[in-house]
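Atoms considered below: every heavy atom in the structure, side chains included; atoms not considered: hydrogens, waters and symmetry mates. In this text, all values refer to a predicted model and were calculated from it rather than measured experimentally.
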Amino acid sequence: MRAPIGEHELEYETFGDADRPTYVLVNGLGSQLLSFPADLCSSLAAEGLRVVRFDNRGVGLSTPFPPPLPSIGRVRAALRDGESPEVRDSLSDMAADVVGLLDHLGVDRAHVAGVSMGGMIVQHLAIEHPGRLLSATSIMSTTGDPSVGRPSPEAWEALLSLPPTERAAHVEHAVETRRVYSGELFDADDVRQLVGASFDRSFRPEAATHQMAAVMASGDRTERLRSVDVPFLVLHGREDTLIDLDGGEATALAVPGARLVVLAGMGHDLPRQLWPRIVDALSHHAEAAAIRARA
């Protein structure tokens, strides 16, 4: 299904009954809606929720980013010089996309959860569109403060390595890359299945460059997060080497009343073995927010 959002469209899928509270899942850098596996979405929907997963702008089956590619070097230079980088697509724009998706679905307020870059988008939603949120969850993400959430040198090198364009090589490159920053529950077969299915569905490696520019240009949200008045949960893997745990800790410290849940064995991934705990944390957070709203 496709939702028209201004001049572009977002591809989305839903799980569960339309009359249930809506829970929107927001993906990370360059990833498609498949990164929230259908079984995980169905498990969350079974908790009495209508779950929505979607392709962020530029990826998957959503409208592609138009050329040219942004210059990461220019964004870095602007930041180094203390200037605000100019980017065509920002995290605020991507947060507004979620609002547009809610409008398309006829939903006034929803629960939202995002992973990595998706967690940053959720933070922008809580800052800029709090009236549209029932609750917010930031997963394996950070505040934009460059002193926290820093990757290890090995994880940063893995993230920046150029993937091959041939399918089999692309899949194996993803396995070895993700092995670097995933935790002890890393499952190579799960990654092969996910990356292979994503490659077959849509292959747009340039999207990650556009989204990386948006992440880099978004700046430090710490002070703005201090004014957030939305039930807020932070989930983070203890073994995350791509966005260090202190990024999640800083997020929870910045948002008044936020709760931090640290998951042992989890790195920068959503390992299948932890899905029950993740679903439990998300659904209980949604239930607590609903009780707060009725009080």
Side-chain angles (χ1 to χ4, degrees), residues 1-13 24-38 41 52-76 85-98 100-101 104 114-122 124 140-141 156-178 181 190-218 242 268-270:
M1 295 179 283
R2 294 173 75 83
I5 313 289
E7 297 180 350
H8 60 279
E9 294 183 319
L10 299 182
E11 180 75 12
Y12 71 96
E13 296 178 356
V24 180
L25 303 176
V26 190
N27 281 290
L29 184 75
S31 64
Q32 303 178 41
L33 57 77
L34 299 179
S35 293
F36 285 106
C41 294
V52 181
R53 64 177 185 175
F54 72 100
D55 292 327
N56 283 315
R57 62 167 64 189
V59 302
L61 303 182
S62 292
T63 305
F65 285 115
L69 282 174
S71 169
I72 299 299
R74 289 179 183 173
V75 173
R76 283 201 185 107
E86 293 186 8
V87 294
R88 184 182 58 218
D89 302 278
S90 69
L91 293 186
S92 289
D93 294 331
M94 298 169 80
D97 285 346
V98 178
L101 179 57
H104 174 77
V115 296
S116 196
M117 181 191 76
M120 301 173 195
I121 294 170
V122 166
H124 277 271
M140 53 184 165
S141 194
W156 185 241
E157 180 180 2
L159 179 68
L160 296 183
S161 60
L162 292 176
T165 57
E166 189 274 324
R167 186 185 190 279
H170 179 85
V171 170
E172 291 309 311
H173 174 272
V175 169
E176 296 311 311
T177 296
R178 298 184 187 202
Y181 48 74
D190 275 353
V191 173
R192 287 190 180 94
Q193 190 280 326
L194 169 61
V195 176
S198 298
F199 186 98
D200 294 340
R201 183 172 179 263
S202 174
F203 183 60
R204 296 180 187 164
E206 71 281 358
T209 303
H210 287 272
Q211 294 182 352
M212 177 65 79
V215 169
M216 294 174 65
S218 66
L242 187 58
H268 203 76
D269 58 352
L270 296 173

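- Side chains of Val195 and Val175 form no contact here, defined as non-hydrogen atoms less than 4.5 Å apart.
- Nearest heavy-atom pair across Leu194 and Arg178 is CD2-NH1, 3.8 Å.
- Salt-bridge formation is not detected for the pair Asp55/Arg204: no Lys NZ or Arg NE/NH1/NH2 atom is positioned less than 4.0 Å from an Asp or Glu carboxylate oxygen.
- In this structure, the separation between OH on Tyr181 and CD on Glu157 is 12.5 Å, given to the nearest 0.5 Å.
- With Asp97 contributing its side chain and Asn56 its backbone, the two residues share no donor-acceptor pair below 3.5 Å.
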Kindly indicate, with the supporting measurements, whether the criterion side-chain contact (heavy atoms from CB on, under 4.5 Å) is fulfilled by Gln211 and Val59. CA-CA 10 Å; Gln211 294 182 352; Val59 302; 3.4 Å; yes
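- Checked by atom type and distance alone, the side chain of Arg53 pairs as donor or acceptor with a backbone atom of Phe36 at under 3.5 Å.
- In Glu166, the CD atom is crowded: over 12 heavy atoms of neighbouring residues, nucleotides or ligands sit closer than 6.0 Å.
- In this structure, the side chain of Arg88 does not engage the main chain of Pro70 through any donor-acceptor pair within 3.5 Å.
- Atom-to-atom distance recorded for Met94:CE and Ile5:CD1 is 12.5 Å, nearest 0.5 angstrom.
- In Arg201, the CZ atom is crowded: over 12 heavy atoms of neighbouring residues, nucleotides or ligands sit closer than 6.0 Å.
- Looking at Arg167 and Asp200, a side-chain N of the basic residue comes within less than 4.0 Å of a carboxylate O on the acidic one, giving a salt bridge.
- Scanning both residues, Ala158 and Ser161, for their nearest heavy atoms gives O-OG, 2.7 Å.
- For the pair Ser202 and Glu11, the minimum side-chain heavy-atom distance is 4.5 Å or more.
- For the pair Ser35/Val115, no side-chain contact is recorded, criterion being any heavy-atom separation below 4.5 Å from C-beta on.
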Apply side-chain contact (heavy atoms from CB on, under 4.5 Å) to the pair Phe54 and Val26, showing each step before the final yes or no. CA-CA 7 Å; Phe54 72 100; Val26 190; 4.1 Å; yes
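- Within the model, atoms OG of Ser218 and NE2 of His124 stand 4.5 Å from one another, a figure rounded to the nearest 0.5 Å.
- A salt bridge links Arg57 with Asp89: at least one charged nitrogen is closer than 4.0 Å to a carboxylate oxygen.
- The distance from the CG atom of Leu69 to the OG1 atom of Thr209 is 5.0 Å, given to the nearest 0.5 Å.
- Listed by chain and residue number, nothing satisfies the side-chain hydrogen bond (donor to acceptor under 3.5 Å, both in side chains) test with Glu86 (two or more places apart in sequence, or in another chain).
- Ring pair His210/Phe65 is parallel by interplanar angle, where below 30° counts as parallel and above 60° as perpendicular.
- Rounding to the nearest 0.5 Å gives a distance of 7.0 Å between CE of Met212 and CE of Met216.
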